[in-house]
Amino acid sequence: MKEKAVIYVGNVSKAFKLPHEKQGSLKSVIVNFWRHKKGYEIQDVLKDVSFEVKEGEFLGIVGRNGSGKSTLLKILSGIYSPTSGDVRIEGRLTPFIELGVGFSPELTGRENIYLNGSLLGFTRKQMQNMYDDIVEFAELERFMDQKLKNYSSGMQVRLAFSIAIRAQSDILVLDEVLAVGDEAFQRKCYDYFYSLKRNNKTVIIVTHDMAAVENFCTRAILIEGGKILKAGDPRNVAQSYKELFLPPEQEQPEEVFEEPPVLETPKRWGTKKIIFKKVKVTKNQKNITIHLQMDTKEQVKSQTTLAYTVKSADGSSLFGDSFEIGNDISDGTEIDAAITFSNILSKGEYYIDISVRDVLSGIYYDFWSDCTSFDVIHAPENALHILTNSKITIETQAIPATSK
Amino acid sequence: MNRIKTVFSKQNHALLGELVRTDFKLRYQGSILGYAWSLLRPLFIFAILYVVFVKFLKLGNGIPHYPVYLLFGIVVWNFFAEMTVQSLGSIVGRGDLIRKVKIPRWIIVISTSISALINLMLNMIVIAIFMIFGHVAVSLSIIYLPLIIIEVYLLALGIALFLSAAFVKYRDINYIWEVVLQAGFYATPIIYPLSRITSITLQKIILLNPMAQALQDARYSLITHATITPQKIFKGGPYDYIPYLVVGIILIVGTVYFNSQAKSFAENI
């Protein structure tokens with residue numbers, strides 16, 4: 001029974017004609033015909049979309065605004081016809097593109113119930129039998145003989161929802177129904193979804209609410225640019241959906257300082273036996289890496305450490321670490337270091353201090369405050385790490401003294 | 001077969017009923033006299049026409065029961081005009097339904113046409129009242145009247161289907177139709193008796209118009225046998241059938257065009 005496909009979508013494409021200017025008049029048609037001009041542009045909204053929905057499935061369709069998901073929904077509902085491809089529906093399908101379609105502000109609540117019910121395919125007699133339940137569920141007993149225009153928007157939604165959930169179709173198509181209403185209403189929506197699941201109804205929802213997708217859907221489809229980008233497990237699809245909103249990672253500009261500064265500044269000072277030449281920060285979702293290049297100007301024979309501190313925009317130190325990088329570094333050695341730590345930072349701008357020093361004497365070879373900065377645009381989803389788990393990789397390259 | 005089944009399904013029937021009901025409720029919304037206007041409006045219009053055409057212009061000399069004859073003509077023409085004008089904007093006017101619910105598109109046009117039919121029935125009550133006061137003798141030919149009304153309905157329906165579908169794409173249609181209706185009003189012997197046209201050829205041409213034919217036949221069947229009908233003018237022969245042929249062609253063209261456009265209503269509105 002679970003295997004039966006009740007919705008079959010095969011290679012569906014949809015293109016809209018977008019008029020250039022205010023067309024829709026005979027004159028412009030004639031003028032454009034005369035000039036052999038097309039008065040419109042073709043916009044491909046769906047490109048070769050295929051999928052199936054099996055009986056009892058709860059399918060979520062997600063995607064950014066303008067990705068074509070609502071168009072797909074309207075094609076499934078039979079409101080739009082596809083430009084090419086075919087759609088087969090087994091059984092009765094009821095779309096809810098919007099709650100309370102056809103509601104007329106000049107009619108009373110009672111009259112609107114009957115009108116809305118007829119749009120859902122109920123006869124007047126069926127509506128009469130359901131009427132009391134609908135009113136009770138909407139908690140609007142006192143208002144039924146008032147005109148709808150005197151209802152608050154919350155009352156209208158409640159009324160529309162109470163009628164909508166009476167729909168007895170095998171397949172229900174819901175577009176952004178969750179987007180309206182307060183918390184109590186949302187809870188009612190969720191209860192309704194649970195009851196749909198219990199009754200083994202086939203449901204397709206379009207939503208931006210990933211929590212709903214993960215909670216209710218047995219399967220999800222991600223649409224981007226009119227194509228199915230991903231289909232399958234709701235968790236994975238929800239994850240891919242979220243990733244759509246990440247802008248491409250920007251390369252942080254490299255800070256290059258070939259020559260050590262002549263003068264000591266409050267921001268940078270030290271004996272210059274070892275100096276920082278290049279500093280660069282790279283990021284990915286999980287980690288932040290500081291790439292450093294150091295140059296040894298004079299041989300050092302004591303234990304040497306490299307340290308970093310991450311500071312917030314207001315200058316307070318957040319965390320840091322230090323790493324031993326050697327105890328006998330010969331003149332001319334280039335050291336490349338990459339310090340990686342977990343990205344536990346929230347959104348914002350951060351500054352980095354770096355230093356290299358002799359551990360025993362505490363003398364700094366090069367201390368550089370605010371050597372570079374970086375932005376965190378997307379805070380990590382689950383900042384479970386309390387520790388930054390700093391790690392370092394070091395490559396040293398001894399340059400023979402003769403080559404200097 | 002399947003198609004016919006869906007056309008007459010219970011759901012469609014119920015929906016049609018609700019749409020007509022809504023239409024009717026909204027029509028006189030906010031007016032104090034409400035539904036009474038359905039009767040008062042034709043009464044007042046008739047009073048004006050009576051004064052102008054019967055008392056001052058004396059157009060109806062020679063035609064028995066000319067006042068009722070005139071009123072009846074107005075009523076039938078108004079039915080035709082109202083049905084086509086209301087239907088013309090019906091698909092666009094119900095854009096919210098078209099874009100969001102899957103309902104057969106023709107239901108919207110049919111519901112508008114039924115509203116017009118209901119109005120016609122109410123107006124016929126007024127006619128009946130005047131017939132009683134005017135001592136108009138009803139003859140057996142009244143049995144043809146429903147058939148003639150059906151003919152006018154089908155003609156108006158064909159036009160309504162065509163116009164409502166075309167209006168979705170071309171918003172000039174309503175202005176054009178307004179002009180055509182105005183021309184049609186004078187091309188049809190509504191306020192002037194056909195006998196006033198002295199040229200027989202011109203009478204013949206006028207009677208090729210289905211509205212003129214239907215109007216004259218309706219008057220013949222209901223009010224007076226003195227009405228000039230196509231049968232009297234053409235004396236049989238193929239010309240008699242031309243008005244019916246026109247109705248048939250318009251109905252077919254309207255239906256075919258409407259069906260070809262219906263699929264894209266939702267995206268074009």
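Lettering follows sequence order; numbering is per chain, from 1. This one's a predicted model, so the numbers in the text were calculated from it and none came from an experiment. Side chains included, hydrogens not; waters and symmetry mates left out as well; all remaining heavy atoms used.
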Nearest 0.5 Å, what's the [atom1]-[atom2] distance between [X] and [Y]?
| X | Y | atom1 | atom2 | answer |
| --- | --- | --- | --- | --- |
| A/Ile89 | B/Lys102 | CD1 | NZ | 7.0 Å |
| A/Thr123 | B/His13 | OG1 | NE2 | 10.0 Å |
| A/Phe122 | B/Leu15 | CZ | CG | 13.0 Å |
| B/Lys25 | A/Leu107 | NZ | CG | 6.5 Å |
| B/Lys100 | A/Leu99 | NZ | CG | 11.0 Å |
| A/Glu106 | B/Arg27 | CD | CZ | 15.5 Å |

Report which part of [X] has an atom under 4.5 Å of a heavy atom belonging to chain A: side chain, backbone, both, or neither.
| X | answer |
| --- | --- |
| B/Leu16 | neither |
| B/Leu97 | both |
| B/Lys263 | both |

Are any non-hydrogen side-chain atoms of [X] and [Y] less than 4.5 angstrom apart?
| X | Y | result |
| --- | --- | --- |
| B/Leu19 | A/Leu115 | yes |
| A/Met127 | B/Glu18 | no |
| B/Glu267 | A/Lys14 | yes |

Is A/Lys227 atom NZ crowded by more than 12 heavy atoms from other residues, nucleotides or ligands, each under 6.0 Å away?
no
Near A/Arg64 CZ, under 6.0 Å, is it more than 12 heavy atoms from other residues, nucleotides or ligands?
yes
Heavy-atom pairs under 4.5 Å with chain A - which of B/Arg21, B/Arg99, B/Arg105 has more of them than the others?
B/Arg21
Residue A/Ser104 versus chain B: region with a heavy atom under 4.5 Å
side chain
Heavy-atom distance under 4.5 Å to chain B: side chain of A/Tyr114, backbone, both or neither?
both
Can you check side-chain contact (heavy atoms from CB on, under 4.5 Å) on B/Val101 and A/Leu120, steps first, answer last?
CA-CA 9 Å; B/Val101 210; A/Leu120 292 177; over 6 Å; no
Which heavy-atom pair separates A/Arg92 from B/Gln11 by the least distance, and what is that distance?
NH1-NE2, 4.3 Å
Compare every heavy atom of B/Ala14 with every heavy atom of A/Ser118, then report the nearest pair and how far apart it is.
CB-O, 4.0 Å
